[in-house]
Amino acid sequence: MSSIFRFKKFKILQEQSALKVGTDAMLLGALMDSKGASRGLDLGSGTGVLSLMVAQQNKSILIDAIEEHAESYNECKSNFQYSPWQNRLEVHLGNYFSFSFERKYDLIFSNPPFYFEKESHTKSNNLASKHTTKEDFDRFASLVIYQLSNEGKFWVIVPFNLYKYIVNYNVFKSLYINNLVFVSPKQNKSISRVVMCFSFHETIVNKTELILRNSEGLYTDSYIDLTKAFHYNNLKEPGA
């Protein structure tokens, strides 16, 4: 995989980061509605791709990104500095559980570790960065609730199994689900990811479905249209 991932309006250096730019980040970044948000918080920013996608869409938002892994932090910092929105983005090195927050945020977003530890035992940095414990995920939920402003929105992408855990155990407690996007990797395949939007306000849940590839393995028009503001490559070309 290339050490540089090109978007239409920015580039992502990802040579040292454990997690490279992938479909999960592209989906969450493209589906997030940041309209009206003035302060954003990126929990576990990695290379900073989500913050950069939000900054591209929202012309005035100021974003704090938090990343605990030094290699990812350094690349995130570089990606911010060489972007068109460097003055609106700041990355902090540290663990978000111990971070001293100075404010609440009207937009919080994350592509968090989402596999519970018992599901795999690995020393791979890439896989380890995707794993957490139920206790830490519950702490993560509590952090989001505490840092979200009264009118704020929280966006997250999770596997379908974690979505069921969140719903069945009401993990985000005082927050209500406002939006759900059920993502299937291919036509006639099971749901693999769910993009969720929460707030403190109960609404009729807006539920939609998205299929990434058709039966021939080509990207669907829905996915191409969703990500056209970001993707550098022409996804309609075979092999994309």
Side-chain angles (χ1 to χ4, degrees), residues 19 22-34 37 40-46 49-51 53-54 65-68 95-99 101 104-121 126-185 189-212 226:
L19 290 180
T23 304
D24 285 359
M26 190 66 71
L27 284 168
L28 181 56
L31 285 166
M32 251 191 290
D33 180 7
S34 64
L41 174 61
D42 185 351
L43 293 173
S45 62
V49 59
L50 288 176
S51 289
M53 292 177 78
V54 171
I66 303 176
E67 174 56 50
E68 68 174 330
N95 185 303
Y96 46 67
F97 289 136
S98 57
F99 189 79
F101 291 95
K104 291 184 182 290
Y105 298 86
D106 48 12
L107 179 70
I108 300 178
F109 50 94
S110 184
N111 180 8
F114 46 50
Y115 294 121
F116 293 143
E117 281 187 341
K118 68 178 183 180
E119 297 179 21
S120 175
H121 298 284
N126 181 286
L127 293 179
S129 61
K130 296 180 182 179
H131 285 73
T132 186
T133 64
K134 288 184 178 180
E135 292 76 16
D136 274 352
F137 192 80
D138 290 347
R139 289 177 67 201
F140 171 82
S142 297
L143 171 63
V144 168
I145 294 167
Y146 189 78
Q147 293 304 142
L148 191 65
S149 69
N150 289 337
E151 300 301 320
K153 298 288 182 68
F154 167 58
W155 287 84
V156 67
I157 184 167
V158 296
F160 187 67
N161 284 342
L162 183 51
Y163 157 74
K164 291 191 293 184
Y165 171 76
I166 289 170
V167 172
N168 291 340
Y169 292 93
N170 191 26
V171 175
F172 287 90
K173 303 183 189 310
S174 54
L175 297 183
Y176 297 97
I177 297 172
N178 295 162
N179 298 76
L180 292 172
V181 182
F182 298 100
V183 182
S184 300
K189 294 289 185 180
S190 300
I191 295 167
S192 61
R193 295 288 188 268
V194 184
V195 175
M196 311 179 73
C197 175
F198 295 81
S199 78
F200 287 109
H201 302 283
E202 187 173 13
T203 65
I204 296 175
V205 181
N206 180 21
K207 298 180 181 180
T208 56
E209 297 181 357
L210 177 65
I211 299 172
L212 302 186
L226 173 69

How many angstroms lie between atom OH of Tyr165 and atom CG of Asn161, to the nearest 0.5 angstrom? 13.0 Å
To the nearest 0.5 Å, what is the distance between CD1 on Ile191 and CG on Leu180? 10.0 Å
Minimum heavy-atom separation for Ser110 to Leu50, with atom names? C-CD1, 4.3 Å
Would you please name every residue forming a side-chain hydrogen bond (donor to acceptor under 3.5 Å, both in side chains) with Glu151, sequence neighbours left out? His201
Among residues at least two apart in sequence or on other chains, which ones pass side chain to side chain contact (heavy atoms under 4.5 Å, CB included) with Ser192? Pro185
Derivation of the side-chain contact (heavy atoms from CB on, under 4.5 Å) call for Val171 and Asp138: CA-CA 6 Å; Val171 175; Asp138 290 347; 3.6 Å; yes
Rounding to 0.5 Å, atoms CG (Leu175) and CD (Glu202) come to a distance of 12.0 Å
Report yes or no: is the cationic atom of Lys104 (NZ for Lys, CZ for Arg) under 6.0 Å from the centre of the six-membered ring of Tyr146, at an angle within 45° of the ring normal? yes
Heavy-atom closest pair (Ile166 atom, Phe198 atom, distance to 0.1 Å) is CG2-CZ, 4.1 Å
Between CZ of Phe137 and CZ of Phe172, what distance do you get to the nearest 0.5 Å? 4.5 Å
For residues Phe200 and Ile145, determine if any side-chain heavy atom of one lies less than 4.5 Å from a side-chain heavy atom of the other. yes
CA sep, side-chain torsions, deciding dist, call: Leu210, Phe182, side-chain contact (heavy atoms from CB on, under 4.5 Å): CA-CA 6 Å; Leu210 177 65; Phe182 298 100; over 6 Å; no
I'd like to check the side-chain hydrogen bond (donor to acceptor under 3.5 Å, both in side chains) partners of Asp33; sequence neighbours left out, ordered by chain and number. none
Applying side-chain hydrogen bond (donor to acceptor under 3.5 Å, both in side chains) as the test, list every pair that has at least one member in residues 169-184; sequence neighbours left out. Asn178-Ser199, Asn178-Thr203
Point-to-point distance, once rounded to the nearest 0.5 Å, from CZ of Arg193 to CG of Leu28: 11.5 Å
Which atoms form the tightest heavy-atom contact between Leu107 and Val54, and what is the distance? CD2-CG1, 3.9 Å
Backbone of Ala37 reached by a side-chain donor or acceptor of Ser34 within 3.5 Å: no
Work out which heavy atom in Leu226 is nearest to a heavy atom in Leu27; give both atom names and the distance. CD2-CD2, 4.2 Å
Work out which heavy atom in Glu67 is nearest to a heavy atom in Gly46; give both atom names and the distance. OE1-N, 2.7 Å
If the condition is side-chain hydrogen bond (donor to acceptor under 3.5 Å, both in side chains), which residues does Gln147 pass it with, not counting sequence neighbours? none
So do Met26 and Met53 actually touch side chain to side chain, heavy atoms under 4.5 Å? yes
Look up atom CZ in Phe109 and atom CH2 in Trp155, then write down how far apart they are to the nearest 0.5 Å. 12.5 Å
Name all residues meeting the ring-ring contact (aromatic ring centres under 6.0 Å, His included) criterion together with Tyr105; count only those two or more places apart in sequence or in a different chain, and write none if there are none. none
For Phe97, check ring-ring contact (aromatic ring centres under 6.0 Å, His included) against everything at least two apart and list the hits. none
Determine whether Val167 and Ile177 make a side-chain contact, defined as any pair of heavy atoms from C-beta on separated by less than 4.5 Å. yes
Residues that Phe99 engages under ring-ring contact (aromatic ring centres under 6.0 Å, His included), provided they are two or more places apart: His92, Phe101
Does some side-chain heavy atom of Leu43 sit less than 4.5 Å from a side-chain heavy atom of Leu143? yes
Is Asp106 close to Asn150 at the side-chain level, that is, under 4.5 Å between some pair of heavy atoms? no
Under the rule for side-chain hydrogen bond (donor to acceptor under 3.5 Å, both in side chains), what residues qualify as partners of Asn206, not counting sequence neighbours? none
Tell me whether Ser98 contacts the main-chain N or O of Asn95 through its side chain, where contact means a donor paired with an acceptor under 3.5 Å. yes
